[in-house]
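Structure, as C-alpha cells:
Note that the coordinates shown come from a computational prediction; the quantities given were computed from them, not determined experimentally. Atoms within a ligand are numbered from 1 in the order they appear, just like the ligands themselves. Basis for what follows: all heavy atoms, side chains included, without hydrogens, waters or symmetry-related copies.
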Amino acid sequence: MPSQTALRPRGAKWLIAAAFLFLLSGCVDKPSTLERIKEDGVLRVVTRNSPATYFQDRNGETGFEYELVKGLADDLGVELKIETADNLDDVFGALGKPNGPVLAAAGLVSSASRQQEVRFSHPYLEVSPQVIYRNGQSRPTDAADLVGKKIMVLKGSSHAEQLAELKKQYPALQWEESDAVEVVDLLRMVDEGQIDLTLVDSNEVAMNQVYFPNVRVAFDLGDARDQRWAVAAGEDNSLLDEINSYIDKVKKNGALQRLKDRYYGHVDVLGYVGATTFAQHLQQRLPKYEKHFQASAKDEKVDWRLLAAIGYQESMWQASVTSKTGVRGLMMLTQNTAQAMGVANRLDPHQSIAGGAKYFASIKDGLDEKIEEPDRTWFALAAYNVGTGHLDDARKLAENDGLDPNKWLDVKKMLPRLSEKKWYSKTRYGYARGGEPVHFVANIRRYYDILTWVTQPQLEGSQVAESNLHVPGVDKSKPPADPPPGT
Ligand code: BLG
C-alpha cells in the first residue's frame, strides 16, 4: 500500500537518527561504570565478615578477599570502601543500588540462578563444597545419608541450591536455611551438636577447623567449583573487563598464589592434634598470662599476640618447663639471654615474658635495615630460636645461591643446610639445627593468626578469656579450673 511504503523510509530514518542520538547521549552524558569509579575515587565493595573473607585485625582491615580486592583498588588508584552484609541475599541485593557497592567479593560461586541476577568474573580460587558432621556421630558417606538429618545452611547460598537440586532425587531430604548466621556459626552448631550437618566450602573449613575441634569433613558434595567476584547485571562491561584483566594479572605475576599461601598455606602446619590442643590451651592457659603479654608488648612496642604466640611455641604457656639443653621457662630463655635481659628467675612467668619480649625487640631492632616488614618479624623470630649468627650464615648461603638474603621465603630454604656438613663447614658459625627455626616461625605465624582472629574487635570481648571460642570439655559458664589471680 502506497501510504505505508511512503512512510517506511521516513520511519526508518527517524529510528536510525533516534538510535544514533541515544547512543551519542549515552557516550557523552553517561560515564561508564569504570569512569564513574575513577571520578568518585572510590571502589565500593560488599563482602561478608568471616575469617576467609574480611575482618579487622591489629592493623585494621584484612582477609583474603579484602587483600585481593585492595589490589584492584590500588591498581585503579582509588580508595577501597568495604561494606559487610549480614547474609548472602543482602550481598547480592546490595549490588546495583544507587551509590551502593559495585562489586561483591565474598567467596561466591556462580550458579544458573545467580547468573540471572549478577555477572561473574574470571575465577580466582577453587573450592569444594563439603558435608560437615560432628566427631562421634556416624559419618555420612554419600548424598543419600543426608536424608533424615538436621541440616542447616546459609540462606541464599550455593549449598542451599545444591540441596534443592538433590531433593529432586531424594524427596524426603529436608534442611533449614538461615539468614541470621555465618559460616562460623554453622560450624559451631555442628561442633556443639545443635545440628547434625552443614555444608561449607573447603577453604572455610580448613581455616576454621581449629576453632571447632569436633567438626569433621564427611565427604565432598559434588565437584570442585570456582569462586568469583560478582557485579550487577545491569552494569556496562567496563568494570568487569577491568576486574578480569586484574585477576588474570595476579594469576600470572604470582600475587594470587602468595595470597593463597598466606591465608591457606599454613593452615595445616599444626596438624589436627596440634590445632585442637591449641584451642584448649587458649581457654585454659592463656588467661593466666594474657595481662603479662600485654604489659610487656606495650613496653617493647610489639604486638602482644605475637609474644603470646612465641610463648605458646616455646612452652605451650607453661611456666616451669626446662629443655634437654637447659633452656627454661615460659619464653625458653638460655642462661645467657636471661642474664643479658636482667632476668633473675627464668621460671617466674612474668620475668620470662618480660625478658623474652625485650630480647625479641632487641633482635628485631638490630637486624639489617634492608630487611623489611613483614619479613623482619619472621627473621627476628628465627634469630630468637637459632641466634643471629646462624641466621646471618643462612643469609650468606642465600646470597651465594643467587637468592635474596632479605626475604624470608629465600632464607628459610637455606636454614636447613646449617645441619649438613657440606654446607655448615663453609659458614662462620658452623653447625646449627637449621630446620628448627623454620618450623618455629611457621608455627608461630599460625598461632598468631588464630590469636588475631579470636581477639579481633568484632567479637564481643577483645580478650581471649572472653571470646566465644568453643572448646570441648570447657564449660564457659564456669571460670577456668585455675583462674588468673585477682579474677
Ligand atoms: C636460643 C636463644 C638464642 C641463642 C640460640 O638459642 O634458645 N634464645 C633465647 O634464649 C630466647 O639467644 O642464640 S645465640 O645466643 O646467638 O647463640 C642458639 O643458641 C630457645 C632457643 C633454643 C631452643 N629454644 C628459644 O627458641 C631450645 O630450647 N632448643 C632445645 C630443644 S630440645 O629440648 O633440645 O629438643
Which residue and heavy atom of the protein sit nearest [atom], plus the separation:
{"atom": "atom 13 (O) of ligand 1", "result": "Gly387 CA, 3.1 Å"}
{"atom": "atom 20 (C) of ligand 1", "result": "Met332 O, 3.5 Å"}
{"atom": "atom 12 (O) of ligand 1", "result": "Tyr359 OH, 2.4 Å"}
{"atom": "atom 25 (C) of ligand 1", "result": "Glu314 OE2, 2.8 Å"}
{"atom": "atom 7 (O) of ligand 1", "result": "Thr334 CG2, 3.6 Å"}

Got a sec, which residues hit side-chain contact (heavy atoms from CB on, under 4.5 Å) with Lys301, two or more places apart in sequence or on another chain? none

Answer yes or no for atom 17 (O) of ligand 1: protein heavy atom present at a distance under 4.0 Å? no

Heavy-atom distance from atom 29 (N) of ligand 1 to the protein below 4.0 Å? yes

Ignoring hydrogens and geometry beyond distance, is a side-chain donor-acceptor pair present between Tyr124 and Glu65 at under 3.5 Å?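 There is such a pair between these side chains.
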
Assess, by modelled atom type and distance only, whether the side chains of Asn406 and Arg376 contain a donor and an acceptor separated by less than 3.5 Å.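 There is no such pair between these side chains.
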
Looking at ligand 1, does Glu436 have a heavy atom less than 4.0 Å from it?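 Judged by the 4.0 Å heavy-atom criterion, Glu436 does count as contacting ligand 1.
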
For Thr325 and ligand 1, answer yes if some heavy atom of the residue is under 4.0 Å from a ligand atom, otherwise no.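 For ligand 1, residue contact (heavy atoms, under 4.0 Å) with Thr325 is present.
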
Trp423 six-ring face occupied by Arg417 cation (under 6.0 Å, within 45°): yes

Determine, for Glu373 against Lys364, whether the closest basic-nitrogen to carboxylate-oxygen distance falls under 4.0 angstrom. yes

Show me the pairs that pass salt bridge (charged side-chain N to carboxylate O under 4.0 Å, His left out) and involve residues 219-229, at least two apart or across chains. Asp201-Arg225, Asp226-Arg228

As an exercise, identify every atom of ligand 1 less than 4.0 angstrom from a heavy atom of Phe440. 26 (O)

Under 6.0 Å between ring centres, would you say that holds for Phe278 and Trp317? yes

